[in-house]
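When reading the values below, keep in mind they use all heavy atoms of this one structure, side chains included, and skip hydrogens, waters and symmetry mates.
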Amino acid sequence: YQRRVHGTPSECLFFFGMVRKLHSTVSAKKRRVLVVTPTAKPVRPRDRPRGKHRKLKAARDLIEEVVGFAPYEKRLIELMRVGREKRALRFAKRRLGSHLRAKKKRDQIAEVLRKQKVKK
């Protein structure tokens with residue numbers, strides 16, 4: 001059995017004493033329907049636009065030049081040279097923990113290989 005509650009059918013339906021939320025401005029609670037006004041959410045730090053950090057990039061480039069690559073990065077370079085990009089992505093994902101980080105690292109290594117080719 002279903003019974004419509006408060007206004008249009010698109011807002012919410014009453015199923016066996018439980019309310020299903022179908023609209024963003026309707027708060028779903030057991031045996032009760034409250035129409036609420038959505039509040040504006042503050043911008044989270046991850047969603048803020050980021051500027052370019054020139055000094056940080058320069059410092060990282062210098063460290064990379066002096067220290068070289070980590071062992072897993074060397075293995076990534078070897079995999080990319082042989083042409084096994086998909087395998088390199090899987091390896092990077094294992095080492096770095098997420099798909100996005102792995103894709104960024106693979107692109108970074110590809111850029112390094114491109115620069116090495118140009119130098120030769």
Are Tyr72 and Val112 co-members of a hydrophobic cluster defined by side-chain heavy atoms under 4.5 Å apart? yes
Atom pair CG/NZ of Asp107 and Lys105 - distance to nearest 0.5 Å: 11.0 Å
Shortest non-hydrogen contact from Met80 to Ala110? CE-CB, 3.7 Å
If I take atom CG from residue Leu89 and atom CZ from residue Arg106, how far apart are they, to the nearest 0.5 angstrom? 4.5 Å
Roughly how far, to the nearest 0.5 Å, is CG of Leu76 from CZ of Arg95? 9.0 Å
Is the shortest distance from a Lys or Arg side-chain nitrogen in Lys57 or Asp61 to a carboxylate oxygen in the other one below 4.0 Å? yes
Output the distance between atom CZ (Phe91) and atom CD (Glu73), rounded to the nearest 0.5 Å. 10.0 Å
Answer yes or no: are there more than 12 heavy-atom neighbours, outside Glu65 itself, under 6.0 Å from its atom CD? no
ILVMFWY cluster, Phe69 and Leu96 together (side-chain gap under 4.5 Å): yes
Straight-line distance of Lys117 NZ to Arg81 CZ, nearest 0.5 Å: 10.0 Å
Atom pair CD1 (Ile109) and NZ (Lys104), whose distance is rounded to the nearest 0.5 Å: 13.5 Å
In this structure, which one of Leu56, Ile63, Leu62 forms a side chain to side chain contact (heavy atoms under 4.5 Å, CB included) with Arg60? Leu56
